[in-house]
There are 2 protein chains.
Amino acid sequence: MMENIIFRNFLGGKGLKLTKERTAVLSEVYSFHGHFEPEYLYSRIKGSGSKASRASVYRTLSLLVECGLVKRVTRTDKGNIYEHTYGHSHHDHMICDICGEIIEFFSEKLEKLQDEICEKNSFIGSSHALEIRGRCKKCRM
Amino acid sequence: MMENIIFRNFLGGKGLKLTKERTAVLSEVYSFHGHFEPEYLYSRIKGSGSKASRASVYRTLSLLVECGLVKRVTRTDKGNIYEHTYGHSHHDHMICDICGEIIEFFSEKLEKLQDEICEKNSFIGSSHALEIRGRCKKCRM
DNA sequence: CTACATGCAAATAATTTGCATTAGC
DNA sequence: GCTAATGCAAATTATTTGCATGTAG
């Protein structure tokens, strides 16, 4: 579990502690593949026998985003949606307006395009997120 | 003001009414060029001598998004950021992580890329939003 | 006239925070 | 042991909603 080492180092470097709760959140985040909301993560943790309060889930999630192990995918009207990143290569998302399904894709051309666009605007791009909205295969009608 | 006509038609078609408050919100939205938060819009309306409660600002904003006269640009931790769209061609955004500045850009290549990607995934894309994050010219260091 | 819209204040709901207690290092 | 982390419940904050009253068509 490379992610545990990454997290430990990150915390250590800032004088923070690797607690049971933080470990529980991290391992739960990496126990499945897909997108999640904080509340869903919280319920999985409770169901898994570990313990961590909602507050700790939120606090830990912030740390995980800060150290790059988790990424905020998008924000719905309800709240944030996250995904873990380690072992995941960079990708973007298509979101179905009908059923809400989130489909991942990767485009080499898009990566190059970002560099081009940044150069043209004297901007130093560090990351990008392309979100395409529409109808997925199932909801095509 | 084409946008007034568009809004009037939209409302009429749904049996809704064009009230003073809705007119005030629309004209305030179109009175300046740039991105805004609901609260900022509300304060501008109050300052301009028109009247519309915060509730009406929110309610009207939803209608304007629904009829396409306003678009939600992004969502910060605080809340939504909007922009008006009429007379504005489609574009995407670069957001500076340091100062928060939002820079607009347009890329023909990106438009084509969306179609390509959708085709490849049997997705019917209706819109996209590319958000590039990094450092703007001023904050480049 | 008769829906529909308004303003207000109360309700929501996700996230954050203060604080007394517990636990890494 | 010292400092940071936890759980809880209360606080925050953007947005929504119920309701009595006002108004556009």
Side-chain angles (χ1 to χ4, degrees), chain A residues 4-5 7-29 35-46 48-67 70 72-82 100, chain B residues 4-5 7-29 35-46 49-67 70-82 100:
Chain A
N4 288 297
I5 297 174
F7 196 34
R8 181 191 303 283
N9 287 345
F10 168 77
L11 292 174
K14 307 194 97 184
L16 304 180
K17 295 164 183 173
L18 183 57
T19 61
K20 288 187 193 47
E21 290 80 2
R22 286 177 179 166
T23 303
V25 172
L26 176 59
S27 70
E28 199 56 40
V29 164
H35 305 99
F36 62 89
E37 299 166 27
E39 185 62 27
Y40 173 67
L41 188 61
Y42 173 64
S43 69
R44 279 184 66 108
I45 290 170
K46 279 209 307 192
S48 79
S50 316
K51 70 172 190 66
S53 67
R54 227 179 299 259
S56 286
V57 169
Y58 278 102
R59 286 189 273 231
T60 304
L61 228 26
S62 294
L63 290 170
L64 291 174
V65 168
E66 194 184 333
C67 75
V70 166
R72 200 180 73 178
V73 173
T74 189
R75 170 119 192 179
T76 67
D77 291 329
K78 304 298 188 90
N80 292 315
I81 294 184
Y82 299 90
Chain B
N4 288 296
I5 298 175
F7 197 34
R8 181 191 301 283
N9 288 345
F10 169 77
L11 292 173
K14 306 195 97 183
L16 304 179
K17 295 165 182 172
L18 182 56
T19 61
K20 288 186 191 49
E21 291 80 2
R22 285 178 179 165
T23 303
V25 172
L26 176 60
S27 70
E28 199 56 42
V29 163
H35 305 97
F36 62 90
E37 300 166 27
E39 186 61 28
Y40 173 68
L41 189 59
Y42 173 63
S43 69
R44 279 186 65 108
I45 289 171
K46 280 208 308 191
S50 316
K51 71 172 189 65
S53 66
R54 226 180 300 260
S56 287
V57 169
Y58 277 102
R59 287 189 274 231
T60 304
L61 227 27
S62 293
L63 291 169
L64 292 174
V65 168
E66 194 184 333
C67 74
V70 166
K71 202 164 75 139
R72 201 181 73 179
V73 174
T74 190
R75 172 120 190 177
T76 65
D77 291 329
K78 304 300 189 90
N80 291 315
I81 294 184
Y82 299 90

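Below, chain A is the first sequence line, B the second, and so on; all start at residue 1. Computed from a predicted structure; not experimentally measured.
Taking 4.5 Å as the limit, some side-chain heavy atom of A:Leu16 sits within range of a side-chain heavy atom of A:Leu63. Between B:Thr60 and B:Leu26 there is no side-chain heavy-atom pair separated by less than 4.5 Å. In this structure, the side chains of A:Glu28 and A:Leu41 come closer than 4.5 Å at one or more pairs of heavy atoms.
The nearest whole Å value for the distance from the OH atom in B:Tyr42 to the C1' atom in D:dT13 is 16 Å. Rounded to whole Å, the distance from CZ on A:Phe7 to P on D:dA5 is 10 Å. Whole-Å rounding puts the B:Lys78 NZ to D:dT12 C1' distance at 11 Å. What separates CZ of A:Arg22 from C1' of D:dA5 is a distance of 6 Å, to the nearest Å. A:Leu18 has its CG atom 14 Å from the C1' atom of D:dT6, to the nearest Å. Separating the NZ atom of A:Lys14 from the C1' atom of D:dT3 is a distance of 16 Å, rounded to the nearest angstrom. Here D:dA24 presents its P atom at 8 Å from CD of B:Glu21, a figure rounded to the nearest Å.
For the pair B:Ala52 and B:Asp77, nearest-nucleotide mapping onto DNA chain C gives the more 5' position to B:Ala52. Take the nearest nucleotide of DNA chain D for A:Thr60 and for B:Gly79: the residue whose nucleotide is more 5' is A:Thr60.
Around atom CZ of A:Arg8, no more than 12 heavy atoms belonging to other residues, nucleotides or ligands sit under 6.0 Å away. Annotation for A:Arg75: atom CZ counts as buried by contact number, over 12 foreign heavy atoms lying within 6.0 Å. Within a 6.0 Å radius of NZ in A:Lys46, no more than 12 heavy atoms belonging to other residues, nucleotides or ligands are found.
Phosphate proximity of D:dT23 to B:Thr19: absent, as no side-chain N or O sits under 4.0 Å from OP1 or OP2. OP1 or OP2 of D:dT15 has at least one side-chain nitrogen or oxygen of B:Tyr58 nearer than 4.0 Å. For the OP1/OP2 pair of D:dG7 and a distance below 4.0 Å, the side-chain nitrogens and oxygens of A:Arg54 include no atom meeting the criterion.
Across all their heavy atoms, A:Tyr42 and A:Ser53 have their closest contact at CE1-C, 3.8 Å. Closest of all the heavy-atom pairs between B:Ala52 and B:Val25 is CB-CG2, 4.3 Å.
In this view, B:Glu39 and B:Arg54 satisfy the salt bridge (charged side-chain N to carboxylate O under 4.0 Å, His left out) rule, not counting sequence neighbours.
Between the side chain of A:Arg22 and the backbone N or O of A:Lys17, at least one donor-acceptor pair lies under 3.5 Å.
In the helix from C:dC1-D:dG25 to C:dC25-D:dG1, the rotation axis of the first five pairs and that of the last five pairs differ in direction by 40°, rounded to 10 degrees.
Backbone-only engagement by B:Asn80 is indicated by non-hydrogen atom pairs under 4.0 Å involving sugar-phosphate atoms exclusively. Nucleic acid contact for A:Arg59: base, since at least one base atom lies under 4.0 Å from a heavy atom of the residue.
Comparing D:dA24, D:dT16, D:dA4 by their nearest atom to the side chain of B:Lys20 picks out D:dA24.
Of all nucleotides in DNA chain C, those with any atom nearer than 4.0 Å to a heavy atom of chain A start and finish, going 5' to 3', at C:dA14 to C:dC25.
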